Each structure stands twice: as structure tokens, then as C-alpha cells.
Peer 1: 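Take this structure, written in C-alpha cells, and hold onto it; I'll ask about it next.
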Amino acid sequence: MRGVVMYKAGDVRVEEREDPKIIEPTDAIVRLTATCICGSDLWPYRGIEPADHQVMGHEYVGEVEEVGSEVKNIKVGDFVVGSFVISDNTCEICRSGYQSGCVHREFVAQTIGTQAEKARIPYADGTLVPTPGKPGPELIPALLAASDVLGTGWYGAVAANAGPGKAVAVVGDGAVGLMAVLAAKQLGASRIIAMSRHPERQELARFYGATDIVEERGEAGVARIKELTGGLGAHSVVEAVGTQESTMQAIGATRPGGHMGFVGVNYDVNIGGIDLFFAGIHTEGGPAPVRRFLPELIQQVWDRTIDPGKVFDLTLPLDQAAEGYRAMDERRATKVLLTL
């Protein structure tokens with residue numbers, strides 16, 4: 001099969017990889033219908049994470065081709081959406097709603113690699129969720145978004161305690177930030193402030209429910225959010241970038257007693273203990289337990305209640321994955337869908 005391999009930073013190739021096979025009786029083989037490039041894939045692309053002939057990709061939808069002998073809930077022919085974290089969905093951590101911390105956790109990124117034609121998914125019953133039927137091509141992008149960015153943005157909004165009567169601020173206008181705007185809207189937030197400097201992303205943020213756009217950053221951005229919220233700061237803030245500046249901006253924009261959900265993958269972020277102490281806020285975040293939300297999100301997509309697929313602004317065939325990486329690295333694209 002064809003699959004994406006990152007030889008080293010900046011060097012992405014599509015080459016022949018061995019077809020996956022059932023190894024454990026809880027495995028399933030999925031023939032992928034679509035996959036995509038994630039903002040977190042840019043970390044190794046930019047040399048921030050190591051990359052040495054690394055298989056790439058962790059977002060995926062497709063049709064089940066084969067199942068192991070112990071798979072009970074997934075059958076051959078099912079169209080499925082899978083989380084970017086493998087989970088059994090039965091351990092105590094999973095049952096508490098944090099499947100991304102499963103005792104059998106395995107990250108799909110750089111281990112399984114779903115920027116490919118097929119994938120072996122361990123713990124298929126716990127990781128994969130079937131759709132109500134076989135979707136038409138118009139639903140594929142939206143279902144694919146549920147595999148990571150929609151679920152991650154949704155978790156960010158839930159962790160930030162977004163809801164009716166709340167003012168929500170979203171730091172970051174990438175795919176996850178835009179999905180957090182969508183989630184805040186669906187969760188009933190009365191005011192949604194999207195922080196963005198890019199006109200095309202501002203337009204999409206408004207489509208998904210943003211009531212205000214803030215272009216300022218850093219202390220100026222914090223001051224603007226406080227101005228919009230009666231000097232208090234937002235009840236709920238989603239941090240969807242992962243840099244030092246964005247993290248401190250998110251903390252500063254959260255009112256005392258408010259909630260900050262952090263879902264941006266962060267490197268070299270240092271929060272002074274005294275800063276966190278006097279902020280007086282609730283914080284929750286990390287790798288999103290997408291599996292918790294998948295059944296609900298799939299149904300909302302299926303019912304056309306939400307359309308997260310609009311977050312994909314560039315579609316390329318798998319063979320042009322290298323161009324997709326370049327486009328996202330150069331910010332010519334928010335998120336790239338790869339067709340198979």
C-alpha cells in the first residue's frame with residue numbers, strides 16, 4: 001500500500017509500505033477513505049520533534065476490511081471513524097471519560113500512521129465508532145474532522161466549561177481553534193470571542209458562531225478581551241496553539257474562578273507558579289479524549305446539525321502529501337484533506 005513517511009524534518013515522501021495484517025485478536029484492518037494532515041504533524045516537519053523514516057498520520061475514516069476473532073462490536077463492511085488515541089474503552093480511566101489516558105493507550109501518530117491506504121487499528125471495539133450507514137462523499141470531510149480536530153476543539157470547550165450564559169474566548173484560529181468556536185456555539189455560549197488575524201479564518205470563525213473577533217495578541221489581546229467582558233475576562237477560555245505567548249494570553253484572559261481548557265500541543269511552555277497561583281482559575285487539558293465525544297459528534301454530522309468539514313481548505317491526493325505539508329507549514333492552508 002501507499003503511505004506517507006517523513007524521512008527527516010521537511011522531507012516527506014509517499015512510498016510503498018507493507019499492508020497491515022491482524023496481529024492481535026482485538027485488531028481491525030480499515031481501508032481508509034480519507035485522511036488528513038494535522039497541525040501537530042508540523043512539529044516533526046519543523047524539527048521540533050525527531051523524525052527518522054517516521055510513518056505519519058493519525059486522523060482517519062474508512063471501511064472495515066477485516067476483524068480479529070475477539071472483535072464484537074465492529075464488523076466487516078462498517079464505515080467507521082476512529083480516535084487518534086487507541087483505547088479499550090473499558091478500563092477505569094476510559095469509563096471516567098478520559099480514553100486518551102487508557103491503560104492500553106497508544107498514539108496512532110508515528111506508530112500506525114494513517115496517511116496511508118490502510119491501517120491496523122488495535123482495540124477496535126474501543127477505538128472505532130461505526131456511522132449509522134455508509135456516508136455519501138459530501139459527509140466524508142465532516143466525519144474525518146471528528147477523528148481529531150472536532151473532538152479536540154469540543155474537548156477544549158468542555159474543559160473550559162463553555163455553556164449557556166458564558167463568554168468564551170478561543171486563543172488560536174487553526175483547525176482546532178475553529179472547532180472550539182463551533183463547539184462553544186453548540187454548547188450554548190452567549191458570546192464567543194475568536195482571536196485571529198487572518199481574514200479567511202475570521203470569516204470561518206463567524207460562520208461557526210463567533211460573535212467577536214480580536215486581532216490583538218499578548219497583553220493587548222488580554223486587555224481587549226477584558227474590555228469586551230466588562231473588565232472581568234472570559235468565563236471560559238480555550239488555548240488551542242501551545243506556545244508560551246498563547247498560553248499566557250489564555251491564562252490572562254480567564255476571569256478569576258473561570259475555566260481554561262488547553263488543547264494546543266505545547267513545547268517549552270513555562271508558567272510561573274506565582275502567575276498561576278494569583279490567576280485563581282480552573283485548568284484542564286491535554287490529549288483530547290475524542291472517543292468520549294465520537295458517538296454524539298458523528299450523529300450531529302449525520303443529522304447535518306454541524307459541518308466541521310469546512311475547516312478543510314485544501315484537498316490533495318495522497319501522492320501530493322508533501323505539498324500539503326508545505327502548504328500548512330507556510331500557512332497557505334488551515335487543514336489539508338488527503339484523498340485515497
Side-chain angles (χ1 to χ4, degrees), residues 4 30 32-45 49 55-62 80-87 89 98-102 105-116 119 121 126-129 131 139-159 170 172-183 208 238-242 261-266 285-298 300-301 306-315 321 324-325 328 333-338:
V4 174
V30 180
L32 303 183
T33 301
T35 182
C36 55
I37 301 170
C38 181
S40 63
D41 292 331
L42 298 180
W43 293 118
Y45 188 78
E49 290 179 356
V55 296
M56 297 300 295
H58 56 270
E59 298 156 282
Y60 55 105
V61 296
V80 293
V81 181
S83 167
F84 70 93
V85 181
I86 301 301
S87 62
N89 208 34
Y98 291 86
Q99 292 91 336
S100 52
C102 176
R105 177 176 74 177
E106 179 181 348
F107 286 98
V108 174
Q110 301 182 25
T111 57
I112 294 167
T114 56
Q115 288 170 11
I121 305 300
T127 304
L128 302 174
V129 179
T131 58
L139 279 185
I140 297 301
L143 291 169
L144 179 60
S147 182
D148 182 355
V149 289
L150 173 59
T152 296
W154 199 277
Y155 172 57
V158 168
V170 178
D173 64 355
V176 170
L178 291 167
M179 293 298 94
V181 170
L182 178 157
Y208 282 132
V238 181
E239 197 293 308
V241 183
F262 57 97
V263 289
V265 180
N266 52 62
V290 168
R291 180 60 180 80
R292 185 207 308 181
F293 307 110
L294 268 181
E296 176 188 358
L297 298 180
I298 289 171
Q300 288 199 45
V301 167
I306 56 175
D307 184 9
K310 287 184 178 295
V311 78
F312 294 104
D313 53 357
L314 179 61
T315 298
Y325 274 83
M328 285 184 61
T334 301
K335 192 163 180 68
V336 177
L337 187 148
L338 299 173

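The structure presented is a predicted model; accordingly, all values stated were derived computationally and were not measured. Numbers for residues simply follow the sequence, beginning at 1.
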Peer 1: Can you tell me if Tyr208 uses its side chain to pair, donor with acceptor, with the backbone of Asp307 under 3.5 Å?
Peer 2: yes

Peer 1: For the residue pair Val181 and Val170, what are the closest heavy atoms and their distance?
Peer 2: CG2-CG2, 3.9 Å

Peer 1: May I ask you to test the Phe293-Gln300 pair for a side-chain heavy-atom distance under 4.5 Å?
Peer 2: no

Peer 1: Which atoms form the tightest heavy-atom contact between Ala145 and Pro308, and what is the distance?
Peer 2: CB-CB, 3.9 Å

Peer 1: Please walk me through it: do Leu294 and Val81 pass side-chain contact (heavy atoms from CB on, under 4.5 Å)?
Peer 2: CA-CA 8 Å; Leu294 268 181; Val81 181; 3.8 Å; yes

Peer 1: Thr131 versus Leu143: any side-chain heavy-atom pair under 4.5 Å?
Peer 2: yes

Peer 1: Within the 4.5 Å heavy-atom criterion, are Met328 and Cys38 side-chain neighbours or not?
Peer 2: no

Peer 1: Before you tell me yes or no, could you show the steps for Asn266 and Glu239 under side-chain hydrogen bond (donor to acceptor under 3.5 Å, both in side chains), namely the whole-Å CA-CA distance, both residues' side-chain angles and the distance that decides it to 0.1 Å?
Peer 2: CA-CA 10 Å; Asn266 52 62; Glu239 197 293 308; 5.4 Å; no

Peer 1: To the nearest 0.5 angstrom, please state how far the CD atom of Glu59 sits from the CD atom of Gln115.
Peer 2: 8.0 Å

Peer 1: Got Phe107 and Ile112 here, is their nearest side-chain heavy-atom distance under 4.5 Å?
Peer 2: no

Peer 1: Is Ser100 reaching over with its side chain to a backbone N or O of Pro287, donor-acceptor style, under 3.5 angstrom?
Peer 2: yes

Peer 1: Between Arg291 and Val129, does a side-chain contact (heavy atoms from CB on, under 4.5 Å) hold up when you go through it step by step?
Peer 2: CA-CA 8 Å; Arg291 180 60 180 80; Val129 179; 3.5 Å; yes

Peer 1: Heavy-atom distance under 4.5 Å between the side chains of Val55 and Val4, does that happen here?
Peer 2: no

Peer 1: What closest approach, in Å, do Met179 and Val149 show between heavy atoms, and which atom pair accounts for it?
Peer 2: CB-O, 3.4 Å

Peer 1: If you measure from CG on Leu150 to CG on Leu144, what distance do you get to the nearest 0.5 Å?
Peer 2: 10.5 Å

Peer 1: Just how far is it from atom OG of Ser147 to atom NE2 of His58, taken to the nearest 0.5 Å?
Peer 2: 7.5 Å

Peer 1: Measure across Val176 and Ala240 and return the closest heavy-atom pair with its distance rounded to 0.1 Å.
Peer 2: CG1-CB, 4.0 Å

Peer 1: If you apply the rule side-chain contact (heavy atoms from CB on, under 4.5 Å), what do you find for Met56 with Tyr45, and how did you get there?
Peer 2: CA-CA 10 Å; Met56 297 300 295; Tyr45 188 78; over 6 Å; no

Peer 1: Before giving the answer on side-chain contact (heavy atoms from CB on, under 4.5 Å), spell out for Val85 and Val108 the whole-Å C-alpha distance, their side-chain angles and the decisive distance to 0.1 Å.
Peer 2: CA-CA 6 Å; Val85 181; Val108 174; over 6 Å; no

Peer 1: Atom CG in Asn89, atom CG in Leu128: separation rounded to 0.5 Å?
Peer 2: 11.0 Å

Peer 1: So which atom in Asp148 and which in Val290 form the shortest heavy-atom distance, rounded to 0.1 Å?
Peer 2: O-CG2, 4.1 Å

Peer 1: What's the separation between atom OG1 in Thr111 and atom CD1 in Ile86, rounded to the nearest 0.5 Å?
Peer 2: 7.0 Å

Peer 1: Between Ile306 and Leu297, what is the shortest heavy-atom contact and its length?
Peer 2: CD1-O, 4.4 Å

Peer 1: Would you say the side chain of Leu337 lies within less than 4.5 Å of the side chain of Leu314, judging by non-hydrogen atoms?
Peer 2: no

Peer 1: Donor-acceptor check, side chain of Thr152 to backbone of Ala288, threshold 3.5 angstrom: yes or no?
Peer 2: no

Peer 1: Would you give the length of the straight line joining atom SG of Cys36 to atom OH of Tyr60, rounded to the nearest 0.5 angstrom?
Peer 2: 11.5 Å

Peer 1: Less than 4.5 Å apart, any side-chain heavy atom of Val336 and any of Phe312?
Peer 2: no

Peer 1: On the six-membered ring of Tyr98, is Arg292 placed so that its NZ or CZ lies under 6.0 angstrom from the centre and within 45° of the ring axis?
Peer 2: yes

